Amino acid sequence: MKIERIDLLHVQLKLKEPFETSSSRKDHLDHILVKIYSGGLIGYGECACPTEPFYCYETTQTCLHILKDFIIPRVLGQDIVSVEDLINRYRSIKGHNFAKSGLEMAWWDLLARWENKPLYKLLGGVRTAIESGVSLGIEESIADLLPKIERFLKEGYRRIKLKIKPGKDLAVVEAVRHHFGDIPLMLDANSAYTLQDLPLFKELDKYHLMMIEQPLAHDDIYDHSKLQREIKTPICLDESIHSAEDARKAIELGSCRIINIKPGRVGGLYEARKIHDLCYRQGIPVWCGGMHEYGIGRAHNIALSTLPNFTLPGDVSASSKYYHEDIVTPPIELDNGKIKVIEAPGIGYRPVEQQIKKYTVASYCFEA
Ligand code: OSB
Ligand code: MG
């Protein structure tokens, strides 16, 4: 398929509620939508990169820069024969996985539309619905957090993930266990701790958490292996895993027992599937993380989550958790704690151009 045209749309959406982690506080997002045109079809992708470099080094603006100045010139006007062929054309660009992922996912959507197949089938997915969890930000007080947990449990979410940071950890977990008993519960530290905090992690072992996500540095896999040897709670890596090679090393070292796969963080669905396949062979369960993706990015995440080793509820939640108005139709909804996969060509959920236009703050068009 020849890439005839690529559009980049800088789209700004306001979150329903501000979201705080140990590394940032957000009330709106700036994601770059990527549209690839070929033979009368359009494929949609999304760079779900944070605006500021507090989760990873990339930003909305570096995504635009890398796409405009390095990735697009290598693929525009080219006849691309496979996803490997696409990736090979920009393989020399180091890192910048979020930038790459927007284009790569648009390519997958285009390919699936071209073959008139749902994307999940093209990827080898086996599920018609995926189990959904919810990720909750750090609140001012425990009293602010508890009603939110209650609300999402009532909505049917299959597990609760709580963000923690030093000073807002143990007491929060204690209160949540006290109020809600044995609910499926996990924590995400977004790399806020060090090995010096071992006594805290040993204390957390008493609360039977499903896992603790990225407790130590964003670029570490070695100290995580030391920590995992000392605690019972499974460690799940997020920030540290950028590729199947990273995953192999982390598994060999014993740095984690679970991996959170985000297509954006690993450069797209091809690498995400590779990590999935490796973990499957090694007996490491995976789940799909999120970056507060808009409906387009979440539709890709849903397709990925249908692969067989996505055996834990992910961070792909309903549109109503994030936004007053999403940019796809139908909006992504929860049905008995699960999200349906739509049996239509491509990502299934349809992008609504009118909505996209309403929230677009800048757009760039590249023609062959
Ligand atoms: O660490 O998983 C994370 C959101 C932005 C950046 C990092 C993370 C998150 C989330 C939210 O936890 C997941 C979601 O609901 O999309
Ligand atoms: Mg995380």
Side-chain angles (χ1 to χ4, degrees), residues 13 15-31 46-60 63 97-98 101 130-139 145 148-149 152 155 157-165 185-193 209-220 224 234-242 246 250 256 258-266 272 286-302 304-305 312-323 326 332 334 339:
L13 284 189
L15 279 168
K16 252 188 180 173
E17 297 174 47
F19 190 84
E20 186 178 327
T21 71
S22 64
S23 52
S24 78
R25 183 177 172 85
K26 314 218 48 120
D27 57 16
H28 71 277
L29 301 147
D30 295 87
H31 290 179
E46 175 177 335
C47 300
C49 185
T51 325
E52 306 96 357
F54 303 147
Y55 166 79
C56 62
Y57 64 82
E58 291 183 84
T59 68
T60 314
C63 284
N97 284 346
F98 276 98
S101 73
I130 64 150
E131 281 197 298
S132 183
V134 76
S135 170
L136 302 181
I138 295 169
E139 296 291 337
L145 178 65
K148 291 200 175 170
I149 297 176
F152 288 111
E155 285 184 29
Y157 285 98
R158 302 262 175 125
R159 69 100 170 98
I160 301 288
K161 161 167 142 182
L162 301 177
K163 296 286 183 180
I164 55 165
K165 68 177 181 184
L185 183 67
M186 62 168 291
L187 306 177
D188 186 357
N190 287 106
S191 71
Y193 298 87
L209 299 165
M210 296 170 80
M211 69 194 90
I212 180 160
E213 188 177 337
Q214 199 71 34
L216 309 180
H218 71 101
D219 54 357
D220 168 79
H224 279 100
I235 292 177
C236 169
L237 289 179
D238 174 356
E239 283 91 327
S240 302
I241 305 295
H242 306 100
D246 285 351
C256 61
I258 299 169
I259 290 180
N260 160 346
I261 302 181
K262 293 177 181 171
R265 196 191 67 227
V266 305
V286 303
W287 53 277
C288 186
M291 298 297 296
H292 296 147
E293 282 86 349
Y294 305 166
I296 291 170
R298 255 172 311 122
H300 280 277
N301 289 348
I302 292 166
L304 179 69
S305 304
L312 294 163
D315 273 350
V316 187
S317 310
S319 297
S320 64
K321 193 256 171 183
Y322 308 99
Y323 309 109
D326 206 337
I332 295 168
L334 215 59
I339 292 173

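Note that this is a predicted model, so its numbers are computed, not measured. First listed ligand is number 1; within each ligand, the first listed atom is number 1.
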Will you find, in the side chains of [X] and [Y], an N or O donor that is under 3.5 Å from an N or O acceptor?
| X | Y | answer |
| --- | --- | --- |
| Ser101 | Lys262 | no |
| Asp30 | Thr60 | no |
| Tyr55 | Asp238 | yes |

Ionic contact status for Asp315 with Arg159, cut-off 4.0 Å | yes
Salt bridge between Lys165 and Glu20, side-chain N to carboxylate O under 4.0 Å?
-> yes
Does an N or O anywhere in [X] fall below 3.5 Å from an N or O of ligand 1?
| X | result |
| --- | --- |
| Glu239 | no |
| Asn260 | no |
| Lys321 | no |

[atom]: which protein heavy atom is closest, and how many Å away?
| atom | result |
| --- | --- |
| atom 15 (O) of ligand 1 | Tyr322 OH, 2.7 Å |
| atom 6 (C) of ligand 1 | Met291 CE, 3.5 Å |
| atom 13 (C) of ligand 1 | Gly290 O, 3.4 Å |

With the Mg ion (ligand 2) at the apex, how many degrees lie between OD2 of Asp238 and OE2 of Glu213, rounded to 10 degrees?
-> 90°
Under 4.0 Å from a heavy atom of [X]: give me the atoms of ligand 1 that qualify, with their elements.
| X | value |
| --- | --- |
| Asp238 | 1 (O), 2 (O), 3 (C) |
| Asn190 | 1 (O), 3 (C) |
| Glu213 | 2 (O) |

Do Tyr323 and Tyr294 make the cut of ring centroids closer than 6.0 angstrom?
-> yes
Pick one of side chain, backbone, both or neither for how Val316 approaches ligand 1, counting any non-hydrogen atom pair under 4.0 Å.
-> neither
Under 4.5 Å between any side-chain heavy atoms of Thr51 and Leu29, yes or no?
-> no
Is there a heavy atom of Lys163 sitting under 4.0 angstrom from any atom of ligand 1?
-> yes
For Ala48 and Phe98, the nearest pair of non-hydrogen atoms, with its separation, is O-CE2, 3.5 Å
Between Glu52 and Thr59 the two heavy atoms that sit nearest each other are C-CG2, 4.0 Å
Any N/O/S of Asp188 under 2.8 Å from the Mg ion (ligand 2)?
-> yes
Name the option, out of Lys262, Lys161, His292, that contains the heavy atom nearest to atom 8 (C) of ligand 1.
-> Lys262
